[in-house]
*Asks:* 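One structure is given below, represented as structure tokens, and several questions about it will come after.
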Amino acid sequence: MLRTERLIYALVILLFGMLTLGSCEGIFVKDTDQVPIARVGESYLYKEDIADLVGTKTSKEDSILLTTSFINNWASKQLLMSKSRVNLSEEQLAEFDRLVKNYKTDLYTGAYKEALVQKTQDTVISEAELLAFYEREKENFKLNEKLLRLRYVELPPQFLNKSAVIEKLKDFEEKDRIYLDSISVQFRKLNFNDSVWVEASRLINEVPPLTDDNQHLYLKKSQFFELQDSLGVYLTKVVDVLERNDIAPLAHISPTIKRVLLNRRRLNFLKNLEVDIIDEAIKNKEFEIYEKQE
């Protein structure tokens, strides 16, 4: 072990004893000064800086390893920082200081603005707002792929009463729905909500015999089809179809519209905030622009 490492190791053992005996030390000594445990140049690492580093359930050996690693990492950063101040050009140092200052400003102001947005912005988008935006922008909401409304059931290969399920799935009156619900525990997968639009690609992923190449044979409005492989029997009633480049239905894209409207509301709020905060500062004589001296 190198001499420096031995010194750090000895320091860590001493520090560990200080941490474990901290409560007893408080009985005999009344000292509010910080306790240094390492130094690099004019920079000090204090006992308080690593107070939360080691948990109460951490073993002595692990505590020493963690603390040694932390001290070495701290020292390495301090030494590299000191070297950089000596070896980098004045122009580079000035640029880095400027970037750090700007980043700090952006970090604080960004956090403050987001806190104001979260606290004050109304996140409720009414149905009227959704509909108005949809009607105004619907030409921008053309579909990239086929959409379907459908009912779907996947049966195990040896299911005995398939014909009854097919009949009920096709008719789907109230009594049919009740019947299918009553035996749904026997289905491997199901979808009875035929009011929701789903992407054709999702159905293709669920039904292995259905592919991009043969989907045109099955995915038609009001069509029922049955496909089968070694894994199961796939029964599908297609209720409605929207083709690629058709206008997307409002129900399908309302979450997207809501995100757009909320983002616009947020941007408007932040824009007005910047104007208002400057106006208030001028009114309170906290902000002045001096005339340029010739």
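Computed from a predicted model, the values in this text were never measured in an experiment.
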*Asks:* Does the salt bridge (charged side-chain N to carboxylate O under 4.0 Å, His left out) test come out yes or no for Arg177 and Glu174, once each step is laid out?
*Replies:* CA-CA 5 Å; Arg177 174 68 178 267; Glu174 182 63 23; over 6 Å; no
*Asks:* I'd like to know whether Leu155 forms a side chain to side chain contact (heavy atoms under 4.5 Å, CB included) with Leu235, so could you lay out the CA-CA distance, the side-chain angles of the two residues, the decisive distance to 0.1 Å, and finally the verdict.
*Replies:* CA-CA 8 Å; Leu155 305 175; Leu235 308 175; 3.7 Å; yes
*Asks:* Are any non-hydrogen side-chain atoms of Arg266 and Lys113 less than 4.5 angstrom apart?
*Replies:*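 No, their side chains stay 4.5 Å or more apart.
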*Asks:* Report yes or no: does Ser82 contribute a side-chain atom to a donor-acceptor pair with the main-chain N or O of Gln78 at less than 3.5 Å?
*Replies:*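 Between the backbone of Gln78 and the side chain of Ser82 there is no qualifying donor-acceptor contact (under 3.5 Å).
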*Asks:* Return all side-chain donor-acceptor pairs below 3.5 angstrom for residues 255-262, not counting sequence neighbours, or 'none' if the list is empty.
*Replies:*
{"residue": "Thr256", "atom": "OG1", "partner": "Arg259", "partner atom": "NH2", "Å": "3.3"}

*Asks:* Mind running salt bridge (charged side-chain N to carboxylate O under 4.0 Å, His left out) on Glu135 and Lys138 for me, showing each step along the way?
*Replies:* CA-CA 5 Å; Glu135 292 296 335; Lys138 64 168 53 177; 3.3 Å; yes
*Asks:* Looking only at the side chains, is there a donor atom on one of Ser76 and Asn73 sitting less than 3.5 Å from an acceptor on the other?
*Replies:*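 The answer is no; no qualifying pair exists.
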*Asks:* Test of understanding: with ring pair (Phe, Tyr, Trp, His ring centres under 6.0 Å), list the residues that count as partners of Tyr134, not counting sequence neighbours.
*Replies:*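 Partners of Tyr134 by the ring pair (Phe, Tyr, Trp, His ring centres under 6.0 Å) criterion come out as none, since no residue qualifies.
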*Asks:* CG of Asn284: more than 12 outside heavy atoms within 6.0 angstrom?
*Replies:*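 Yes, CG of Asn284 has more than 12 neighbouring heavy atoms, counting only those of other groups under 6.0 Å.
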*Asks:* Any side-chain to backbone donor/acceptor pair from Glu137 onto Ala132? Under 3.5 Å, distance only.
*Replies:*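 Not at all, since once roles are kept as given, no pair shorter than 3.5 Å links the two residues.
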*Asks:* Are Leu210 and Leu219 side-chain neighbours, meaning at least one heavy-atom pair lies under 4.5 Å?
*Replies:*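 Heavy-atom side-chain distance check passes, below 4.5 Å.
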*Asks:* Going by salt bridge (Lys or Arg N to Asp or Glu O under 4.0 Å), name the pairs with one or both residues in residues 73-89, residues two or more places apart or in two chains.
*Replies:*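 As it turns out, the salt bridge (Lys or Arg N to Asp or Glu O under 4.0 Å) pairs with a partner in residues 73-89, which skip direct neighbours, are Arg85-Asp97.
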*Asks:* Identify each donor-acceptor pair in which a side-chain atom of residues 242-250 lies under 3.5 Å from a protein atom, sequence neighbours left out, and give them as a table.
*Replies:*
{"residue": "Arg244", "atom": "NE", "partner": "Asn144", "partner atom": "O", "Å": "2.9"}
{"residue": "Asp246", "atom": "OD2", "partner": "Glu243", "partner atom": "N", "Å": "2.8"}

*Asks:* Check whether any side-chain heavy atom of Tyr152 lies under 4.5 Å from a side-chain heavy atom of Leu203, and answer yes or no.
*Replies:*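 Yes, at least one pair of side-chain atoms sits under 4.5 Å.
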*Asks:* When clusters are formed from ILVMFWY side-chain contacts under 4.5 Å, directly or step by step, what else is grouped with Leu99?
*Replies:*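 Leu88, Leu93, Phe96, which link up through side-chain heavy atoms under 4.5 Å apart, make up the rest of the cluster.
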*Asks:* If you count the non-hydrogen atoms of other residues, nucleotides and ligands that lie under 6.0 Å from CG in Leu160, is the total more than 12?
*Replies:*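 Check fails, neighbour count at 12 or below.
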*Asks:* To the nearest 0.5 angstrom, please state how far the CG atom of Leu45 sits from the CD1 atom of Ile37.
*Replies:*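 Between atom CG of Leu45 and atom CD1 of Ile37 there are 4.0 Å.
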*Asks:* Who are the ring pair (Phe, Tyr, Trp, His ring centres under 6.0 Å) partners of Tyr44, not counting sequence neighbours?
*Replies:*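 Testing Tyr44 for ring pair (Phe, Tyr, Trp, His ring centres under 6.0 Å), a comparison that skips the adjacent residues, returns none.
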*Asks:* Does Asn191 form a side chain to side chain contact (heavy atoms under 4.5 Å, CB included) with Val153? I'd like the steps, not just the answer.
*Replies:* CA-CA 6 Å; Asn191 173 53; Val153 168; over 6 Å; no
*Asks:* Which atom names give the shortest non-hydrogen contact between Val239 and Lys221, and what distance separates them?
*Replies:*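 Closest approach of Val239 to Lys221: O-CG, 3.6 Å.
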*Asks:* Could you grab the distance from atom NZ of Lys119 to atom CD of Gln121, nearest 0.5 Å is fine?
*Replies:*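 Lys119 atom NZ to Gln121 atom CD measures 14.5 Å (nearest 0.5 Å).
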*Asks:* Does the Asn272 side chain pair with the main chain of Asn268, one donor and one acceptor, at a distance under 3.5 Å?
*Replies:*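 It does hold such a pair.
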*Asks:* Taking Asp122 for its side chain and Val124 for its backbone only, find out whether a donor-acceptor pair lies under 3.5 Å.
*Replies:*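 The answer is yes, because a donor-acceptor pair under 3.5 Å joins these two groups.
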*Asks:* So which heavy atom on Gly41 is nearest to which on Arg39, and how close?
*Replies:*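 Nearest heavy atoms, Gly41 then Arg39: O-NH1, 2.7 Å.
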*Asks:* Which heavy atom of Ser254 sits nearest a heavy atom of Leu130, and at what distance?
*Replies:*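 In terms of heavy atoms, the two residues are closest at O-CD2, 3.9 Å.
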*Asks:* Do the non-hydrogen side-chain atoms of Arg151 and Thr236 ever get within less than 4.5 Å of each other?
*Replies:*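 Of all side-chain heavy-atom pairs linking Thr236 with Arg151, none is under 4.5 Å.
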*Asks:* Report the hydrophobic cluster partners of Leu273, with the cluster defined as I, L, V, M, F, W, Y residues connected by side-chain heavy atoms closer than 4.5 angstrom, directly or transitively.
*Replies:*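 Result for Leu273 is Tyr112, Leu116, Val117, Phe269, Leu270.
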*Asks:* Partners of Glu129 by salt bridge (charged side-chain N to carboxylate O under 4.0 Å, His left out), sequence neighbours excluded?
*Replies:*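 Once residues adjacent in sequence are excluded, the partners of Glu129 under the salt bridge (charged side-chain N to carboxylate O under 4.0 Å, His left out) criterion are Arg265.
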*Asks:* Assess whether side chain to side chain contact (heavy atoms under 4.5 Å, CB included) is satisfied between Leu148 and Asp240, documenting all intermediate values.
*Replies:* CA-CA 6 Å; Leu148 312 167; Asp240 202 357; over 6 Å; no
*Asks:* Is any side-chain heavy atom of Arg264 closer than 4.5 Å to a side-chain heavy atom of Phe133?
*Replies:*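 SC-SC contact between Arg264 and Phe133 confirmed.
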*Asks:* Under the salt bridge (charged side-chain N to carboxylate O under 4.0 Å, His left out) rule, collect the residues that match up with Glu226, sequence neighbours excluded.
*Replies:*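 Checked Glu226 against salt bridge (charged side-chain N to carboxylate O under 4.0 Å, His left out); matches are Lys162.
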*Asks:* Within this structure, what is the NZ-OG distance for the pair Lys237 and Ser222, rounded to the nearest 0.5 Å?
*Replies:*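 One finds 5.5 Å between NZ of Lys237 and OG of Ser222.
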*Asks:* Which atom pair, heavy atoms only, marks the closest approach of Gln228 to Pro157?
*Replies:*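 Between these two residues, the closest heavy atoms are NE2-O, 4.4 Å.
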*Asks:* Less than 4.5 Å apart, side chain to side chain, heavy atoms only: is that true for Val238 and Lys220?
*Replies:*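 Val238 does not reach Lys220 side chain to side chain.
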*Asks:* Would you say Phe159 and Val233 make side-chain contact, with heavy atoms under 4.5 Å?
*Replies:*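 The answer is no; the side chains never approach within 4.5 Å.
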*Asks:* Atom CG of Leu79 and atom CG of Asn72: how far apart are they, to the nearest 0.5 Å?
*Replies:*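 One gets 10.5 Å once the value is rounded to the nearest 0.5 Å.
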*Asks:* Of all heavy-atom pairs between Glu48 and Val35, which one has the smallest distance, and what is that distance?
*Replies:*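 Heavy-atom minimum between the residues: OE1-N, 3.7 Å.
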*Asks:* Answer whether the closest heavy-atom distance between the side chains of Lys146 and Val241 falls below 4.5 Å.
*Replies:*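 The answer is yes; the side chains approach within 4.5 Å.
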*Asks:* Show me the pairs that pass ring-ring contact (aromatic ring centres under 6.0 Å, His included) and involve residues 177-227, at least two apart or across chains.
*Replies:*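 Of all non-adjacent pairs touching residues 177-227, those that pass ring-ring contact (aromatic ring centres under 6.0 Å, His included) are Phe172-Phe192, Tyr218-Phe225.
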*Asks:* Start with the C-alpha gap between Thr105 and Asn102, add the side-chain angles, then the distance that decides, and say whether side chain to side chain donor-acceptor pair (under 3.5 Å) holds.
*Replies:* CA-CA 5 Å; Thr105 300; Asn102 288 342; 5.4 Å; no
*Asks:* Carefully, step by step, assess His252 and Leu147 under the rule side chain to side chain contact (heavy atoms under 4.5 Å, CB included).
*Replies:* CA-CA 9 Å; His252 184 68; Leu147 290 185; 3.7 Å; yes
*Asks:* Applying ring pair (Phe, Tyr, Trp, His ring centres under 6.0 Å), can you list everything that pairs with Phe141, at least two apart in sequence or on another chain?
*Replies:*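 Scan of Phe141 (ring pair (Phe, Tyr, Trp, His ring centres under 6.0 Å), adjacent residues dropped) gives none.
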*Asks:* Classify the side-chain pair Thr211/Asn214 by whether it contains a donor and acceptor separated by less than 3.5 Å.
*Replies:*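 Thr211 vs Asn214: donor-acceptor pair found between side chains.
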*Asks:* So, for Glu145 and Ser201, which heavy atoms are closest and what is the spacing to 0.1 Å?
*Replies:*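 Closest heavy-atom pair between Glu145 and Ser201: OE1-OG, 3.1 Å.
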*Asks:* More than 12 non-hydrogen atoms from neighbouring residues, nucleotides or ligands closer than 6.0 Å to CD on Glu42, yes or no?
*Replies:*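 Atom CD in Glu42 is not packed in, count stays at 12 or less.
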*Asks:* Any chance NZ of Lys271 has more than 12 other-residue heavy atoms, nucleotides or ligands included, within less than 6.0 Å?
*Replies:*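 Atom NZ in Lys271 is not packed in, count stays at 12 or less.
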*Asks:* Does CD belonging to Glu95 count more than 12 external heavy atoms closer than 6.0 Å?
*Replies:*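 Enclosed: over 12 neighbouring heavy atoms sit under 6.0 Å from CD of Glu95.
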*Asks:* Could you name each residue pair satisfying salt bridge (Lys or Arg N to Asp or Glu O under 4.0 Å) that touches residues 205-214, not counting sequence neighbours?
*Replies:*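 Every salt bridge (Lys or Arg N to Asp or Glu O under 4.0 Å) pair that includes a residue of residues 205-214, provided the two are not neighbours, is Lys189-Glu206.
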